[in-house]
Amino acid sequence: MKILVINCGSSSLKYQLRDMNNETVMATGLVERIGGEIGRIAHTSRPDGDSPAKRVDELPIADHTEALKLMTDRLLDGVIDSLGEIDAIGHRVVQGGESFSHPVLVDDAVVETIRANIPLAPLHESNTIGIEQARKLFGDVPNVTVFDTEFHLTMPPHAYMYPLPMELYDDLKIRKYGFHGTSHKFVSRAAAEHLGKKPEEVNLITLHLGNGCSMDAVEKGKCVDTTMGLTPLAGLMMGSRCGDIDPAIVPFLAKNKSLSLDEIDALMNHQSGLLGICGMNDMRDVHQAREQGDENAQLAFEMFAYRAKKTVGSFLAVLGTVDALVFTAGVGENDDHLRAKVCEGLAPLGIHIDTEKNAVREPGIREIHAAGSPVKILIVPTNEELEIARSTMAVVNEAAA
Ligand code: AMP
């Protein structure tokens with residue numbers, strides 16, 4: 001079975017074609033600056049093979065319809081002979097609201113429900129455009145939606161409700177939804193398997209630390225709390241997002257800086273986090289700068305680690321017993337300094353990191369805890385595309401049964 005995974009951002013489109021017989025990636029691509037003056041498409045055939053073929057083109061790409069057309073042109077250029085070879089398409093959808101607790105086969109009603117959730121994630125309207133265009137382009141090929149929010153729908157009300165007037169939940173469904181769910185689900189399943197257990201036999205704290213950052217408390221395979229909220233702005237400090245701050249800062253800025261709500265929103269999403277503190281949002285640059293004595297870079301690193309560590313503590317309290325901390329995503333998988341800083345001083349809570357194991361760089365799942373550490377510490381590379389492809393295949397097979 002060949003599954004195409006599509007992830008439509010507001011001005012970008014990521015795709016991956018996978019042969020699910022052996023889960024190999026046949027092609028992968030990224031279309032960027034859609035709607036901009038000059039767009040860019042980078043396409044790679046057989047990325048994991050012996051002779052990957054990369055092609056990059058820069059050209060105006062007016063909209064997502066054109067982006068999808070470019071994608072199919074590249075796929076038909078040596079990867080597949082006809083679009084009919086694609087058995088199903090899996091779409092990443094950021095916000096499923098309370099409507100979707102598992103992946104579903106797309107029909108008109110599903111598209112309508114996703115549309116109805118757009119006010120909860122207006123920046124991700126492009127998700128629906130991708131689905132609608134794919135339905136037109138690929139005719140009868142089944143489309144499946146996989147939601148970033150679905151893994152978090154198992155949270156109990158005392159974790160997902162905000163202490164705001166009840167009618168705001170009743171009228172507008174203002175509550176914590178959580179994001180990066182596909183990643184948290186994938187790494188928590190992979191971690192359980194690595195530990196030789198079923199998902200329902202382990203308690204985990206999963207740390208997705210990349211450009212965006214979130215942390216989940218996973219009890220017996222189910223998410224019971226997460227750091228992101230109504231939007232992906234909440235929780236941990238991120239590359240350019242502030243994470244949790246005193247909410248009264250918003251009216252304070254409006255009054256004292258005469259900023260509009262849109263300007264404050266942009267400031268918190270795009271000019272804050274690591275970037276806001278030290279002017280850099282890539283952790284590799286932050287390390288380089290702090291090694292050269294940049295005090296703000298040092299502060300940004302310490303704040304990032306401190307906020308993650310504090311949340312590990314609170315999720316330990318939520319779960320009581322924890323089998324493993326699971327680090328994933330760009331920073332979590334690659335940054336030994338950050339992992340060491342997050343775990344520093346946590347030995348009394350049963351978290352003992354092994355400095356040497358932590359410093360080794362190797363692909364795949366790795367254990368970096370000291371021998372005898374009551375809480376294990378794992379690095380589990382995330383693979384959201386594979387999780388979406390697996391879910392898509394399961395939905396299509398179930399529908400055919
Ligand atoms: P992601 O959003 O998961 O793709 O993660 C992207 C982020 O990972 C980048 O912005 C970097 O901050 C971080 N990153 C990637 N490689 C490294 C590395 N070797 N050391 C530290 N941070 C890294």
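One-based numbering, in listed order, for ligands and for the atoms of each. Excluded from the calculations below are hydrogen atoms, water molecules and symmetry mates; all remaining heavy atoms, backbone and side chain alike, are included.
Note: no N/O pair closer than 3.5 Å links Ala329 and ligand 1 by distance alone.
Listed by number with element, the atoms of ligand 1 under 4.0 angstrom from any heavy atom of Asp335 are 21 (C). Close approach of ligand 1 to Met283 is summarised as follows: ligand atoms under 4.0 Å from at least one heavy atom of the residue are 11 (C), 12 (O), 22 (N). The atoms of ligand 1 that sit less than 4.0 Å from any heavy atom of Gly210 are 1 (P), 2 (O), 3 (O), 5 (O).
Residues passing the salt bridge (Lys or Arg N to Asp or Glu O under 4.0 Å) test with Asp354: none are found, sequence neighbours excluded.
Nearest protein neighbour of atom 13 (C) of ligand 1, counting heavy atoms only, is Val331 CG2, 3.5 Å. At the shortest separation from atom 20 (N) of ligand 1 among protein heavy atoms lies Arg284 CG, 3.5 Å. Atom 5 (O) of ligand 1 has its closest protein heavy atom at Gly330 CA, 3.3 Å. Looking from atom 19 (N) of ligand 1 to the surrounding protein, the closest heavy atom is Asn334 CB, 3.4 Å. Scanning the protein for heavy atoms near atom 11 (C) of ligand 1, the closest one is Asp282 OD1, 3.3 Å. For atom 6 (C) of ligand 1, the closest heavy atom belonging to the protein is Asn211 N, 3.8 Å.
By the 6.0 Å and 45° rule, Arg175 stacks over the aromatic ring of Tyr177.
Interatomic distance, Cys278 SG to Phe301 CZ, rounded to the nearest 0.5 Å: 11.5 Å. Note that CG of Leu17 and CZ of Arg74 are 15.0 Å apart. Values are rounded to the nearest 0.5 Å.
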Table please: side-chain donor-acceptor pairs of residues 24-38 below 3.5 Å, with sequence neighbours left out.
residue: Thr24; atom: OG1; partner: Asn22; partner atom: OD1; Å: 2.8
residue: Thr28; atom: OG1; partner: Tyr15; partner atom: O; Å: 3.4
residue: Arg33; atom: NE; partner: Ile38; partner atom: O; Å: 3.0
residue: Arg33; atom: NH2; partner: Glu58; partner atom: OE2; Å: 3.4

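Remark: the backbone N or O of Ile6 is not paired with any side-chain donor or acceptor of Arg92 at under 3.5 angstrom.
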His208 vs His180, ring pair (Phe, Tyr, Trp, His ring centres under 6.0 Å): CA-CA, chis, key distance, verdict: CA-CA 8 Å; His208 178 112; His180 295 143; 3.9 Å; yes
